[in-house]
Amino acid sequence: MTSPRDAGGGPRRSARVTGSDRPTVVDLAFGTPRIWEPGAGLRDTGCDVRALLQGVDEMSIVLDGRRHHLRQAWQQAFGAMGIGGSGFTGRTVLVGHPSTWGPRRASALADAAGPGSTVMLVPRAVLIARSHADLTVRRCAVVETTHLPARPVDPAHPRPAMWDVQIVSRRPDGWVIERCGVIPASAPEAGLALIDDSVEAVFVDGDDAGEVASAIDLVAAHAVAGRVVAVDRALVVRLGHRTGAADAGPGVKQPVVDPEPRDGPGWRSRPLLAGAAVIAVLVVAGAFAVGWWQRDGAPPSSVADVQVGRAQLSVPGGWRHSGQDTPSGTVDDPSTSRAVFVDESDGRRIIVVLTEVRAGSTRDSVATSLRNRIDQRGDDVVTEFSADTRFAGRDVIGYREAPASGSAIRWYVIVDDGLQVSIGCQAGGAAETVDPECEQAVRTARVAPR
């Protein structure tokens, strides 16, 4: 099994990002790059760089009948895609490379955008997590059915097909590859064991649609995540610039302020981390449900009273509880607790995010802070914001979050005794309504004293 270090655990950059513009994002995919550029948007390059990906372990490569140093070949390829030259001086280019590449292989791309530009090298699995997972998700899996460079083939000793698996987790500084392995087609059980109960979503990609569909079926039969979906490559380049970090650094816009910083020793040393937790419910979610329509819902047949931090609420008794524990070796924000309750039969979810706020905070003050954050985002991800709405018999803050793909999440926010309780409700995989379960959770939510 490969270590995260060998696999390329997170972004590598040739220099720190400077400037305030969004970077150009290049996804090399499996040899057919796609690009997102500020101002120009998404475009397909029409270029085929598979030979360069295959030859990553060579010092030089033959292109058009001439031999080129590998780095020079990449510069030529990027030039053919319209990336590089004097027009890119001072600009940042984020390049998504095969997830299994380590630093040595990835370094061949360090100069791809030419002199004067900054190149950030990011494993594709990290780009996929950034673009497809919402901030309630702490750990996801990326399964890639195409491996580049291709594994050696010996006709006398054929090797079974295998798929690469990356377990990607959210850390305070963004998404990183936590561990990795493979799923052999001949004996998939060992590889599937990587996708354990802590994995909340699985994203599958590859250059063969039939193989991707087979992988989705196999993983979906094993995983309890309930959400196993194909990667949307347009999202990878459109949203891959988002680090998901508490401190995104210049050049990568992320919401990172705490609506109501809590006083106390040591708190101000973590303002950005705490802020990211408070507004976690405001970012693009990888929801993966299709459409939004209503059906008549019946009250759940059984009810369980659950405790999440200082909050207690009622959820359907048969739904799986994912506590989203902090991964071993990571540092999480101690002011935040979270849990997800999933109906494994159809994928409906109730998401609970608890954030400690300053003593004396009220629903009005938290609503003002949330509204300011929404205005600063400058997009239409969050709509229908109401600082004072009535739902399930109580006064709450309400808004609608539109994920990058899939159905909406309705959020209801309660503030009580220095605790912000955000309850998100999301329809199932075939748009099964979650309204009765949502009303029950909001109606029964109670906060214990400090």
Side-chain angles (χ1 to χ4, degrees), residues 133-138 197 200-201 220 223-229 280-282 285-324 337-355 382-384 386 389-403 405-416 419-448:
D134 83 52
L135 273 178
T136 64
V137 174
R138 288 312 188 99
D197 290 0
E200 300 157 78
V224 297
R227 298 180 184 273
V228 184
V229 296
V281 295
L282 297 180
F288 327 120
V290 179
W292 178 261
W293 50 271
Q294 296 294 323
R295 65 170 174 83
D296 293 332
S301 57
S302 63
V303 174
D305 293 329
V306 297
Q307 194 80 31
V308 182
R310 288 199 289 130
Q312 184 181 64
L313 67 159
S314 298
V315 299
W319 288 23
R320 179 176 59 84
H321 175 198
S322 172
Q324 301 191 21
S337 301
R338 66 191 70 238
V340 179
F341 301 91
V342 183
D343 183 344
E344 294 185 279
S345 67
D346 55 28
R348 290 178 295 164
R349 295 199 302 172
I350 293 176
I351 307 159
V352 183
V353 180
L354 310 184
T355 307
V382 178
T383 58
E384 302 177 23
S386 173
T389 192
R390 190 78 176 170
F391 181 76
R394 64 194 309 171
D395 297 322
V396 296
I397 303 166
Y399 57 90
R400 179 181 186 271
E401 179 186 351
S405 62
S407 63
I409 303 176
R410 292 279 181 178
W411 288 96
Y412 303 97
V413 181
I414 301 162
V415 181
D416 188 13
L419 187 67
Q420 176 181 320
V421 182
S422 301
I423 299 174
C425 305
Q426 188 173 40
E432 295 88 348
T433 184
V434 71
D435 288 352
E437 295 79 7
C438 185
E439 291 182 14
Q440 174 182 262
V442 174
R443 184 178 61 253
T444 59
R446 297 292 182 268
V447 174

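Here the structure is a predicted model, which is why all the values come from computation and not from measurement. Values below: all heavy atoms of this structure, side chains included; hydrogens, waters and symmetry mates excluded.
Among residues two or more places apart in sequence or in another chain, the side chain to side chain donor-acceptor pair (under 3.5 Å) test is passed with S345 by D343. In this structure D395 satisfies the salt bridge (Lys or Arg N to Asp or Glu O under 4.0 Å) test together with R390, sequence neighbours excluded. Among residues two or more places apart in sequence or in another chain, the side chain to side chain contact (heavy atoms under 4.5 Å, CB included) test is passed with R394 by V396, I414, V442, A445, R446. Not a single side chain to side chain donor-acceptor pair (under 3.5 Å) links Q307 to another residue, sequence neighbours left out. Here S386 pairs with T389 under the side chain to side chain contact (heavy atoms under 4.5 Å, CB included) rule; sequence neighbours left out.
To the nearest 0.5 angstrom, I409 atom CD1 is 4.0 Å from Q426 atom CD. Considering OH of Y412 and CZ of R443, their distance stands at 13.0 Å, rounded to 0.5 Å.
Here the rule is side chain to side chain contact (heavy atoms under 4.5 Å, CB included) with L313, and of V447, V421, V352 only V352 fits it. The side chain to side chain contact (heavy atoms under 4.5 Å, CB included) with W411 is formed by just one residue from the set I397, I351, I423; it is I351.
Within the 3.5 Å criterion, the main-chain N or O of T444 finds no donor-acceptor partner in the side chain of S314. Put simply, the side chain of E200 gets close to the backbone of R138: a donor and an acceptor are under 3.5 Å apart.
Residues W319 and F341 approach most closely at CE3-O, 3.5 Å, considering heavy atoms. Annotation for S337 and G309: closest pair OG-CA, 4.2 Å, computed over non-hydrogen atoms. Of all the heavy atoms in V308 and A339, the pair that sits closest is CG2-CB, 4.0 Å. The two residues C425 and V434 come nearest to each other via the heavy atoms CB-CG1, 3.7 Å. Scanning all heavy atoms of the two residues, the minimum distance from G318 to S302 falls at N-OG, 3.9 Å.
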Problem set entry | Stepwise salt bridge (charged side-chain N to carboxylate O under 4.0 Å, His left out) test for R348 and E432 | CA-CA 7 Å; R348 290 178 295 164; E432 295 88 348; 5.9 Å; no
For this session: Check the pair E437 / I350 against side-chain contact (heavy atoms from CB on, under 4.5 Å), numbers first and verdict last.
Result: CA-CA 8 Å; E437 295 79 7; I350 293 176; 3.8 Å; yes
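Within the structure, every pair that satisfies the salt bridge (Lys or Arg N to Asp or Glu O under 4.0 Å) test and touches residues 306-319, not counting sequence neighbours, is listed here: R310-E356, R310-D417.
No side-chain heavy atom of Y399 sits under 4.5 Å from any side-chain heavy atom of E384.
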